[in-house]
Amino acid sequence: MFEKISIKTNDRVEFVDITSKIQNAVKKTGVDSGLVMIHIPHTTAAVTINENADPDVAADIKKEVNKIIPFDDNYAHLEGNSAAHIKSSLFGVDQTVIIKNKKLLLGTWQGIYFCEFDGPRSRNVYLKIIEG
């Protein structure tokens, strides 16, 4: 089963908690047990799993990644978004999560984040939900 989630980001770099959107998509399919593959079809965005109980964690990650990979660093790419491409490559565009009893099998504090590195933009997240 295939699902698409649309996201509108508001900042140049932003971490959007999409856990509930993915959980709703899984619920909609009725799959009791299996996998959900999460794919970001963009070269300047990514997906990660991390703590979602304290929003300061995402803010700290954002702060540090911007420090490590600055926006302006004499990049050769003329479009001006090389930092976003690098960040996307480091975080990655795919995650797979187990589905058990119709729910995402995540740790107590874990959430799934869409990572925007070149916003604000309208983006998509693709889900492949596999029963079994």
K.L.:
Would you call Val31 and Met1 a side-chain contact if the rule is heavy atoms closer than 4.5 Å?
P.N.:
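Yes, their side chains come closer than 4.5 Å.
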
K.L.:
Hey, what do you get for NZ (Lys87) to CD1 (Ile68), rounding to the nearest 0.5 Å?
P.N.:
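Atom-to-atom, Lys87:NZ and Ile68:CD1 are 9.5 Å apart.
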
K.L.:
Look up atom CE in Met37 and atom CG in Leu127, then write down how far apart they are to the nearest 0.5 Å.
P.N.:
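Here the interatomic distance stands at 10.5 Å.
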
K.L.:
Using the benzene-type ring in the case of Trp, are the ring centres of Phe2 and Tyr126 under 6.0 Å apart?
P.N.:
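Yes.
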
K.L.:
Where is the tightest heavy-atom contact between Lys4 and Ser6, given as atom of each residue plus distance?
P.N.:
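Heavy atoms of Lys4 and Ser6 come nearest at CE-OG, 4.0 Å.
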
K.L.:
Do Arg12 and Phe71 meet the cation-pi criteria used here (NZ or CZ under 6.0 Å from the six-membered ring centre, within 45° of the axis)?
P.N.:
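Flagged: Arg12 positioned over aromatic ring of Phe71.
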
K.L.:
How long is the gap from CG on Asn81 to CG on Asp118, to the nearest 0.5 Å?
P.N.:
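Rounded to the nearest 0.5 Å, the CG-CG separation comes out at 4.5 Å.
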
K.L.:
State, to 0.1 Å, how close Lys102 and Gln23 come at their nearest heavy-atom pair, and which atoms those are.
P.N.:
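What the structure gives for the nearest pair is O-NE2, 2.8 Å.
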
K.L.:
Output yes when a side-chain donor or acceptor of Ser88 lies under 3.5 Å from a complementary backbone atom of Ala84, and no otherwise.
P.N.:
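No, the answer is negative, given that no donor and acceptor are paired below the 3.5 Å cut-off.
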
K.L.:
So, the side chain of His42 versus the backbone of Arg123: is there a donor-acceptor pair under 3.5 Å, distance only?
P.N.:
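Not confirmed, His42 side chain does not pair with Arg123 backbone.
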
K.L.:
For Asn52 versus Gly111, what's the shortest heavy-atom pair and its separation?
P.N.:
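For Asn52 and Gly111, the tightest heavy-atom pair comes out as ND2-CA, 3.5 Å.
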
K.L.:
Give, for atom CZ of Phe117 and atom OG of Ser82, the distance between the pair rounded to the nearest 0.5 Å.
P.N.:
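With rounding to 0.5 Å, CZ (Phe117) is 14.5 Å from OG (Ser82).
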
K.L.:
Restricting to non-hydrogen atoms, name the atom on Ala83 and the atom on Pro70 that form the minimum distance, rounded to 0.1 Å.
P.N.:
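Looking at all heavy atoms of both residues, the shortest contact is CB-O, 3.3 Å.
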
K.L.:
Using modelled atom types only, decide if a donor and an acceptor are shared between the side chain of Asp54 and the backbone of Asp56 within a distance under 3.5 Å.
P.N.:
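Yes: the side chain of Asp54 pairs with the backbone of Asp56.
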
K.L.:
Hey, are Asp17 and Thr19 close enough side-chain-wise for a donor-acceptor pair under 3.5 Å?
P.N.:
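The answer is yes; a qualifying pair exists.
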
K.L.:
In Å, rounded to the nearest 0.5 Å, how long is the span from CG of Leu106 to NZ of Lys100?
P.N.:
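These two atoms lie 13.0 Å from each other.
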
K.L.:
Do Ile61 and Ile69 sit in one hydrophobic cluster, given that two such residues count as connected whenever their side-chain heavy atoms are within less than 4.5 Å of each other, even indirectly?
P.N.:
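Yes; Ile69 is reachable from Ile61 via cluster members.
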
K.L.:
Gln95 and Thr48: which non-hydrogen atoms are nearest, and at how many Å?
P.N.:
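In this case the closest contact between Gln95 and Thr48 is NE2-CA, 4.2 Å.
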
K.L.:
Once rounded to the nearest 0.5 Å, what's the spacing between atom NZ of Lys28 and atom CD1 of Ile129?
P.N.:
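Lys28 NZ to Ile129 CD1: 8.5 Å, rounded to 0.5 Å.
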
K.L.:
Return the minimal non-hydrogen interatomic distance between Glu3 and Thr29, and the atom names on each side.
P.N.:
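It is OE2-CG2, 4.1 Å.
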
